[in-house]
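The next block holds one structure in the form of structure tokens; read it before the comments.
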Amino acid sequence: GAVVSQHPSRVICKSGTSVKIECRSLDFQATTMFWYRQFPKKSLMLMATSNEGSKATYEQGVEKDKFLINHASLTLSTLTVTSAHPEDSSFYICSARDSSAGENSPLHFGNGTRLTVT
Amino acid sequence: SQKIEQNSEALNIQEGKTATLTCNYTNYSPAYLQWYRQDPGRGPVFLLLIRENEKEKRKERLKVTFDTTLKQSLFHITASQPADSATYLCASQDGGFKTIFGAGTRLFVKA
């Protein structure tokens, strides 16, 4: 089955530093990947759509300079949380859709990254 | 705006019973609905997809229905087991590339 690998699974950083999260599709190509944020006992909130070879599309209210997204290849997207603050602490999850499977195909999710900013 | 709502935040049932979870959508007509399972600290895992022209879809102990009149999908787990305890998410695309999710229903199956 389609596997999405997300690293790191947990990260603790100090306020003001930057953190990079990687999302890789292991056995399929993904023109589009999605980054979500999830608060405790809440649903997934879409932050941005990552497009291979072009700029990401950010949802309303998400600061693009704060959450830098790079989708350099068909199997890798990265999310960098810049100048992290305690309010950025959250569970970040990436997902990808198999480019060969069509627009209606299900999303394949990574296992998430628990970010704690101290 | 387009919405997907799962009205039950949590559902407690006894092992062996059938769990029924509800998903309602408003302000749009999705071509399909998806159901995912999410365990604590993990990413969601896709379970089933049902299209608007399909009344029912089954996979092992899972059954999903799609009622376009009621604007609702029901997700059933028959002969539920404690291992079925998880959060179940309803999702659909918003007409574009984006997938929107309901808030989820946490299912607790007691032995």
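Chain A is the first sequence line, chain B the second, and so forth, proteins listed ahead of strands; every chain is numbered from 1.
Interface remark: A:Thr57 contributes no atoms to any contact with chain B (heavy atom separation under 4.5 Å). For A:Arg10, no part lies under 4.5 angstrom from a heavy atom of chain B. At a 4.5 Å heavy-atom cutoff, the contact between A:Thr49 and chain B is made by side-chain atoms alone. The contact between A:Gln38 and chain B is made entirely by side chain atoms (from C-beta outward), counting heavy-atom distances below 4.5 Å.
Atom NZ of A:Lys66 is surrounded by more than 12 heavy atoms from other residues, nucleotides or ligands within 6.0 Å. With a 6.0 Å radius and a threshold of 12 heavy atoms from other residues, nucleotides or ligands, B:Glu9 has its CD atom at or below the threshold. In A:Ile12, the CD1 atom is not crowded: 12 or fewer heavy atoms of neighbouring residues, nucleotides or ligands sit closer than 6.0 Å.
At a threshold of 4.5 Å between side-chain heavy atoms, the hydrophobic network of Ile, Leu, Val, Met, Phe, Trp and Tyr places B:Leu107 and B:Leu89 in two separate groups. B:Ile100 and B:Val45 fall into different hydrophobic clusters, where Ile, Leu, Val, Met, Phe, Trp and Tyr residues are linked whenever their side-chain heavy atoms come under 4.5 Å apart, directly or through other members. Cluster membership check: B:Ile13 shares its hydrophobic cluster with B:Leu62, using side-chain heavy-atom separations under 4.5 Å among Ile, Leu, Val, Met, Phe, Trp and Tyr. A:Ile21 and A:Leu68 are members of different hydrophobic clusters when ILVMFWY side chains are connected at heavy-atom separations under 4.5 Å. Note on A:Met45 and B:Tyr88: separate hydrophobic clusters, where clusters join Ile, Leu, Val, Met, Phe, Trp and Tyr whose side-chain heavy atoms are under 4.5 Å apart, directly or indirectly.
Listed by first and then second residue, the ring-ring contact (aromatic ring centres under 6.0 Å, His included) pairs that reach into residues 44-64 of chain A come to none, sequence neighbours excluded.
The closest donor-acceptor contact from the side chain of A:Ser43 to the backbone of B:Gly104 lies at 3.5 Å or more, if one exists at all.
Side-chain atoms of B:Pro44 and A:Ile93, non-hydrogen and from C-beta on, do get closer than 4.5 Å to each other.
Taking CZ of B:Phe46 as the start and OG of A:Ser95 as the end, the distance is 13.5 Å to the nearest 0.5 Å. Between the CG atom of A:Leu107 and the NZ atom of B:Lys98 there is a distance of 13.5 Å, given to the nearest 0.5 Å.
Not counting sequence neighbours, the partners of A:Tyr36 by the ring pair (Phe, Tyr, Trp, His ring centres under 6.0 Å) test are A:Phe109, B:Phe101.
Using a 4.5 Å cut-off between non-hydrogen atoms, no part of residues 53-61 of chain B approaches chain A. Among the residues in residues 35-43 of chain B, those with a non-hydrogen atom closer than 4.5 angstrom to a non-hydrogen atom of chain A are B:Tyr36, B:Gln38, B:Gly41, B:Arg42, B:Gly43.
Highest contact tally toward chain B, considering only A:Lys42, A:Arg114, A:Arg97, is held by A:Arg97 [criterion: heavy-atom pairs under 4.5 Å].
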